[in-house]
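The structure appears below as structure tokens.
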Amino acid sequence: MNTPEVKMSEPCYLVSHRPEGVLQTHVAITPTLETPELAHTVKEPVTLHDSGDHHDGLTGCQLLRQVVIGVIVAMVTVSVAANNAASVMLPQLMSNGSDITLTATQVTWFASVNSLAAAAGSTMGGMAVHHLGPRRVLLLQALPTIAGWLMQALANGFPVLFIGRCLVGACTGLSMSAGQVYRAEMSSPQIRGRLVCLAGLFDNVGAILSYVIGYLLPWRWVPAAFVIVFLVPSALGMLLVPESPYWLMGKQRPEDARRSLLTLRGDPAVADKDLAIITEACKSRQKALTPRELAKEMSKLCVLAPFLTVLALFALGALAGLSMLTYLVVIFKETGSSLDAHQASILFGCVRTCNMFLVLYMSDHFGRRPLLIFSSVGCTLTTLSMAAFLFGRDQVPEWAGWRQLSWLPLALMLFYIIAFDFGFGRTTWVVHAELLPNRVRSALSGFGVLMHFGSASVSIFAFPFIRDAFTLAGAFCFFALFSFLGLLLTVFLIPETKNQRLEAIEAFYVHRFHPERK
């Protein structure tokens, strides 16, 4: 069967940049269809305007199908909550009553190896997604992920526990790379931010599950719960999920891409319109990039600039205090919070989950830049306040007022978590999914995940040493510094991408760095 040829005129990009960082983009794509079989797909030019909204007209059940698919994919990647699981498992594993007791060195490695393994897994994630497709990668990593959690639940000593955590971490790096690409490419512009943030919602639900089970039951039930509640149902659900239409068009499979869009959109007219846009966008994605071709793409400023911006945002977000989530129970014990450390952790999980519903709404309502600015300012102020409180308490421990202020660490940490989730924790992943250009999105997606987990592992591994060398107050000063650097990065280098099609965002960088190609 001959594949129908779809010819399209070159897209015309008209882009301007507002001083406050909001990009204006108009993209006009006029398809010319050479065969009667596909002549029905587009009858009028497809025009994207920034005059207000890129709403594609889908409502109700048509958008609901994208939400359901987004939920399934988010559940597949729930293992990113493994650091939260470790924060509840560690106190029991450090106690004499546990059947497996870890030494101080083993505790450090157990806490940090998940992020190290995820960083290693993400190095393969980009190319795996580029060659195999995001859906297939998500399916392939499901069984090893389940095996890793079960190894932890059934471990008879530290080596099995360690290997299981390494396996979960490596698969997390793969699934995060594939999940980010898939959710960005399958979603309509008006709900893309919310669908990308769904991963954060299930991360928080996984954290609550960890805290509650760790408080009520022995530590072995924490990894077992991830398998029962999230991973088995989502692995079965992935069998019904279509492949990314962008990846299918990149492999010159237009009929499969159209079927995928029909499943995702539920409206033939919208599916055909999106197919025309994706066909034009995927002209340069029809074969896998060789290392030399990737290096050539990376030499272009319109590719390098968004790539480096994403990497910097991931690094600063992780160094701004991601390690606090892993050592949450330990920190609460050291700050002398008025609540029991485990009870405070459960409270944190509940607050973060409620917070994620706000993030899901605000991401596509207020935009990316306002949330990142709020996050960096909030994290800076709360960590500085926590450092001041701890420094004062260490210097004047005899003051009787410290007992009346025992509620303050809990309040500051709660506000920190809220601020962190709004920007560094969740919006960073939305920016990562949107800024990378189409031709290199799959190949480079793993590097963003690599930077996230690499920076997280450095932060988690270094935290005990920074605390010992500079006290806990000094550690919070470090967090404040990186939060402030994140604010500078957002204000000066990150454009607003709310309601923009992926093609329009790419055109913005092309015009900015190569105006002769507009």
Side-chain angles (χ1 to χ4, degrees), residues 80 83-84 87 115 197 200 203-204 207 309-328 330-332 334-335 337 344-345 347-349 351-356 358-359 362-363 366-391 408-432 451-453 455-460 462-463 466-467 470-494:
V80 73
N83 283 335
N84 301 102
S87 71
S115 296
C197 286
D203 179 10
N204 292 335
T309 299
V310 167
L311 293 189
L313 190 58
F314 271 126
L316 294 175
L319 296 172
L322 193 59
S323 58
M324 283 194 284
L325 302 180
T326 301
Y327 293 102
L328 194 59
V330 176
I331 289 174
F332 269 112
E334 291 192 13
T335 56
S337 171
S345 299
L347 174 62
F348 264 62
V351 168
R352 293 193 73 192
T353 302
C354 295
N355 191 41
M356 272 310 305
L358 291 175
V359 175
M362 292 182 177
S363 181
F366 291 106
R368 320 314 185 218
R369 278 169 54 89
L371 295 185
L372 285 170
I373 290 172
F374 169 78
S375 178
S376 51
V377 171
C379 289
T380 301
L381 294 178
T382 51
T383 48
L384 282 177
S385 300
M386 181 70 90
F389 170 82
L390 294 171
F391 181 77
L408 188 58
L410 175 63
L412 289 174
M413 288 291 289
L414 281 172
F415 189 79
Y416 172 86
I417 290 297
I418 291 172
F420 184 85
D421 277 345
F422 269 65
F424 289 136
R426 305 304 165 210
T427 306
T428 297
W429 291 101
V430 181
V431 172
H432 168 254
M451 179 58 74
H452 168 74
F453 285 110
S455 302
S457 63
V458 169
S459 178
I460 294 167
F463 177 80
I466 295 174
R467 180 193 57 190
F470 300 100
T471 73
L472 191 57
F476 277 99
C477 287
F478 275 95
F479 297 149
L481 171 62
F482 290 112
S483 298
F484 180 71
L485 292 176
L487 173 63
L488 298 181
L489 177 72
T490 301
V491 169
F492 292 108
L493 293 177
I494 296 179

Mind running side chain to side chain contact (heavy atoms under 4.5 Å, CB included) on L372 and L313 for me, showing each step along the way? CA-CA 10 Å; L372 285 170; L313 190 58; 4.1 Å; yes
Evaluate F463 against L472 for side chain to side chain contact (heavy atoms under 4.5 Å, CB included), listing each step before the verdict. CA-CA 9 Å; F463 177 80; L472 191 57; 3.7 Å; yes
Output, in order, the C-alpha distance, side-chain angles, deciding distance and verdict of side chain to side chain contact (heavy atoms under 4.5 Å, CB included) for D203 and R426. CA-CA 10 Å; D203 179 10; R426 305 304 165 210; 2.9 Å; yes
Kindly determine whether L481 and L319 satisfy side chain to side chain contact (heavy atoms under 4.5 Å, CB included), including the steps that lead there. CA-CA 9 Å; L481 171 62; L319 296 172; over 6 Å; no
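For the residue pair V310 and H432, the shortest heavy atom distance occurs at CG1-CD2, 3.6 Å. The nearest pair of heavy atoms linking R369 to I494 is NH1-O, 2.8 Å. When all heavy atoms of A456 and A318 are compared, the pair lying nearest together is N-CB, 3.7 Å.
Expressed to the nearest 0.5 Å, how far CD1 of I373 lies from CZ of F422 amounts to 14.5 Å. One distance of note links CG of L414 with CG of L410; it measures 4.5 Å at 0.5 Å rounding. To the nearest 0.5 Å, the span separating CZ on F476 from CE on M413 amounts to 5.0 Å. The line from OG1 of T382 to CZ of F420 is 11.0 Å long, rounded to the nearest 0.5 Å. Atom CG in L311 sits 11.0 Å away from atom CG in L316 (nearest 0.5 Å). Here T427 contributes atom OG1 and D421 contributes atom CG; the two are 9.5 Å apart, rounded to the nearest 0.5 Å.
Using a 4.5 Å heavy-atom threshold, the side chains of S455 and F314 count as separate.
Between the side chain of T383 and the backbone N or O of T380, at least one donor-acceptor pair lies under 3.5 Å.
Less than 6.0 angstrom separates the ring centroid of F478 from the ring centroid of F470.
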Do any side-chain atoms of residues 482-489 form donor-acceptor pairs under 3.5 angstrom with protein atoms, and if so which ones, sequence neighbours left out?
from, atom 1, to, atom 2, distance (Å)
S483, OG, F479, O, 2.9

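For CZ of F391, the number of neighbouring non-hydrogen atoms (other residues, nucleotides, ligands) closer than 6.0 Å is 12 at most.
Here S375 pairs with C379, F424 under the side-chain contact (heavy atoms from CB on, under 4.5 Å) rule; sequence neighbours left out.
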